[in-house]
**Q** 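My structure is below; once you've seen it, I'll send some questions.
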Amino acid sequence: MEAKRIQTLPHRMKAGEEARKICESGISAQVVAAVDINTTANKIYRHNFPDTPLWNKTIEGIPLDDFNQLSFDMIMMSPPCQPFTRLGLQGDVADPRCKSFLFILELLPRLCKLPTYIMLENVKGFESSSARDYLIKVLSGCGYTYQECMISPTNVGVPNSRLRYFLIAKMSAENSSIQTSDKGCSFSHVTDSEFPERSSVLRYKCQNIDQPSEDNPNVHVLYKRETQMDSQRKTNQNKDLSVQQIQDYLEPQMNINMELYLLKPKTLLRYGSILDIVQPHSRRSVCFTKGYGRYVEGTGSVLQCCMENEISSVFTNLDQLTEEEKLQKMFKLNLRYFTPREVANLMGFPQSFSFPEDISIIQQYRVLGNSLNVLVVARLLQLMSSEHFGHSEGEKQFSVLGNEYQCS
């Protein structure tokens, strides 16, 4: 396919990966503006893309005329996820943090030229939200063909679980010449009755690869709060040869200041039994969140650097030992955090990506935890921009990808 130049407007860049995704996809594109209010993310973005216009403002603070002057072909969105996370209040469209997303939906029909492509990413939970229903109503009303997916990096061979909702949309060929009016369209927020089958919109077979077994007093715990089911699940993941090994993403050990990344004795004593420990030959790791390096529970995997001892031999009956004896056993594993560079590798960032020197390790973890996998999005960009997307041939291609990516 002949490359075509696409002008793109990313909203909320998340450490600059929007431009990286486009580069990895092989699509010829120009980012006409990047919009975010996170000062750390903006500094990292400017460091990696000094020539790209960077707007340090809220998206809802940009006048309609400014959007029309940009005349962009694609908008890439990653709205705040807090209104939809399972651990949050799930305020949905009533959450003030959803304001920027709703603004975009109200703005879209009023643009002089509708963008040809739209991509949106969010957390699992968005697919059953009123915000998602409103998005679909706006896209349908504007004449877009769209496809929704739940994808994890493991689906593209990366040994990291990060299940996310994605929507890719393309202006239907028959509507591509239609220009919207200045007045635009007025959409009310949709109700559940308008989408009676919303809960089954995404018919994916989600593998809960980063979810431990629910607490059950009748389930036998082998060690480290791990059941037979947990152990078997991890074993199966590590046998999946379609996924690369962790060692393919690690920095040379000689380049790592181990003192900065080794788990402290206090951390081992308090959280040793809930650590998700992976080895260089593993083909799995759990999702890295913005709390990695600061918090332990549920924030990401840690790496076993010394392979002379089995994890089971260290943690079996560990609770029966004194604190000193516990530490002596756990020290044998030489456990450390993944470095920010290694997390970036697992997130699909190329080696050319770097952080400014004044960005601390904790800040690096934070922006990476708020990011998403570049390789996953690059594959979706390729599909969305193909000449077949939205046609019967494209549906065939997406059907094949659907088996791989668990798409609807």
Side-chain angles (χ1 to χ4, degrees), residues 81 85-88 121-125 150-165 206-215 221-240 242-250 261 263 267-268 270-305 311-312 315 330 333 335-349 362 364-376 406:
C81 64
T85 55
R86 61 185 176 86
L87 297 179
E121 173 269 349
N122 215 286
V123 295
K124 183 180 183 299
M150 298 294 294
I151 309 178
S152 179
T154 53
N155 299 124
V156 293
V158 179
N160 181 244
S161 303
R162 196 178 188 86
L163 187 66
R164 291 294 183 268
Y165 166 93
C206 172
Q207 298 177 1
N208 293 314
I209 51 181
D210 54 355
Q211 296 297 322
S213 301
E214 294 183 7
D215 291 337
V221 176
L222 301 178
Y223 57 89
K224 219 170 100 352
R225 297 192 190 178
E226 190 160 293
T227 66
Q228 183 64 46
M229 184 181 298
D230 294 326
S231 179
Q232 187 59 52
R233 172 174 48 83
K234 293 178 180 180
T235 297
N236 291 341
Q237 292 167 21
N238 288 328
K239 288 180 179 179
D240 186 352
S242 69
V243 178
Q244 291 181 274
Q245 294 182 322
I246 288 290
Q247 62 189 6
D248 298 328
Y249 298 82
L250 300 179
Y261 300 102
L263 272 65
T267 301
L268 291 172
R270 184 172 181 179
Y271 299 105
S273 63
I274 60 172
L275 291 173
D276 183 79
I277 301 172
V278 297
Q279 300 168 335
H281 63 264
S282 298
R283 300 180 188 271
R284 53 161 293 275
S285 61
V286 299
C287 180
F288 294 99
T289 74
K290 65 180 182 180
Y292 193 67
R294 293 179 60 207
Y295 306 106
V296 178
E297 187 170 4
T299 62
S301 301
V302 296
L303 182 68
Q304 177 184 345
C305 296
I311 297 176
S312 58
F315 284 95
M330 286 189 285
L333 298 177
L335 299 176
R336 70 165 176 88
Y337 293 106
F338 284 78
T339 70
R341 178 66 258 179
E342 291 167 341
V343 175
N345 292 342
L346 287 163
M347 301 285 280
F349 285 79
I362 292 299
Q364 293 176 37
Y365 283 139
R366 189 173 182 83
V367 293
L368 287 169
N370 276 331
S371 187
L372 59 155
N373 192 280
V374 175
L375 296 180
V376 167
Q406 306 162 0

**Q** Can you tell if the side chain of R294 reaches within under 4.5 Å of the side chain of I362, non-hydrogen atoms only?
**A** yes
**Q** Flag the pair L368 / F288 as yes when at least one side-chain heavy-atom distance between them is below 4.5 Å, and no otherwise.
**A** no
**Q** State the CD1-CD distance between I274 and E297, to the nearest 0.5 angstrom.
**A** 4.0 Å
**Q** Nearest heavy-atom pair of L372 and E121: which atoms, and what distance?
**A**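 Shortest heavy-atom contact: CD1-CG, 3.5 Å.
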**Q** Does some side-chain heavy atom of L303 sit less than 4.5 Å from a side-chain heavy atom of V278?
**A**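 Answer yes - side chains close enough.
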**Q** With side-chain contact (heavy atoms from CB on, under 4.5 Å) as the test, would you mind laying out the steps for F338 and S301 before giving the verdict?
**A** CA-CA 8 Å; F338 284 78; S301 301; 4.2 Å; yes
**Q** Answer yes or no: is there a donor N or O on one side and an acceptor on the other, between the side chain of R162 and the main chain of P153, under 3.5 Å?
**A** no
**Q** Tell me, do Y295 and T289 make a side-chain contact under 4.5 Å, heavy atoms counted?
**A**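 Contact flag for Y295/T289 side chains = no.
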**Q** Y261: what forms a side-chain hydrogen bond (donor to acceptor under 3.5 Å, both in side chains) with it, not counting sequence neighbours?
**A** none
**Q** Could you check whether any side-chain N or O of S231 sits under 3.5 Å from a backbone N or O of Q228, counting only pairs where one atom can act as donor and the other as acceptor?
**A**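 No.
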**Q** Among all residues two or more places apart in sequence or in another chain, which pass the side-chain hydrogen bond (donor to acceptor under 3.5 Å, both in side chains) test with T235?
**A**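 Partners of T235 under the side-chain hydrogen bond (donor to acceptor under 3.5 Å, both in side chains) test: none.
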**Q** Say whether, by atom type as modelled, one donor and one acceptor occur between the side chain of S285 and the main chain of P159 under 3.5 angstrom.
**A** yes
**Q** Mark yes or no for whether N155, through its side chain, and S152, through its backbone, hold a donor-acceptor pair below 3.5 Å.
**A**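 Such a contact is found between N155 side chain and S152 backbone.
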**Q** CD/Q237 to CD/Q232 distance, rounded to the nearest 0.5 angstrom?
**A** 10.5 Å
**Q** Sequence neighbours left out, what passes ring pair (Phe, Tyr, Trp, His ring centres under 6.0 Å) with Y365? Give chain and number order.
**A**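 Listed in chain order: Y292.
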**Q** Donor-acceptor pair, T267 side chain versus L263 backbone, under 3.5 Å?
**A** no
**Q** Any chance you could measure N373, atom CG, to T154, atom OG1, to the nearest 0.5 Å?
**A** 9.5 Å
**Q** Run the salt bridge (charged side-chain N to carboxylate O under 4.0 Å, His left out) test against K234 and tell me which residues pass, sequence neighbours left out.
**A**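 With sequence neighbours excluded, K234 shows a salt bridge (charged side-chain N to carboxylate O under 4.0 Å, His left out) to E226, D276, given in chain and number order.
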**Q** N160 side chain to V286 main-chain N or O, any donor-acceptor pair under 3.5 Å?
**A** yes
**Q** Testing the 3.5 Å rule here: is there a donor-acceptor pair between the side chains of N345 and R341?
**A** yes
**Q** Tell me, please, which residues at least two apart from Q247 pass side-chain hydrogen bond (donor to acceptor under 3.5 Å, both in side chains).
**A**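 Q247: side-chain hydrogen bond (donor to acceptor under 3.5 Å, both in side chains) contacts with Q245.
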**Q** Please examine the side chains of R366 and K290, heavy atoms only from C-beta on, and report whether any two atoms are closer than 4.5 Å.
**A**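 Yes, at least one pair of side-chain atoms sits under 4.5 Å.
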**Q** Within this structure, what is the CG-SG distance for the pair L346 and C287, rounded to the nearest 0.5 Å?
**A**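 Separation between the atoms: 11.0 Å.
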**Q** Is the backbone N or O of T227 less than 3.5 Å from a side-chain atom of D230, with the two atoms forming a donor-acceptor pair by type?
**A** yes
**Q** If I compare all heavy atoms of R336 with all of L250, which pair ends up nearest, and what's the gap?
**A** NH2-CD2, 4.3 Å
**Q** Hey, are the side chains of L333 and F315 touching, using non-hydrogen atoms and a 4.5 Å cut-off?
**A**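 Yes, side chains in contact.
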**Q** Considering all heavy atoms of both residues, which atom of Q244 and which atom of Y249 are nearest to each other, and what is their separation?
**A**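 Distance-wise, the nearest heavy atoms are OE1-OH, 2.7 Å.
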**Q** Going by heavy atoms in the side chains, are I246 and Q279 under 4.5 Å from each other?
**A** no
**Q** Who passes side-chain hydrogen bond (donor to acceptor under 3.5 Å, both in side chains) against R164, sequence neighbours left out?
**A**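 Once residues adjacent in sequence are excluded, R164 has no partner under the side-chain hydrogen bond (donor to acceptor under 3.5 Å, both in side chains) criterion.
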**Q** Which distance, rounded to the nearest 0.5 Å, do you find between the SG of C81 and the NZ of K124?
**A** 14.0 Å
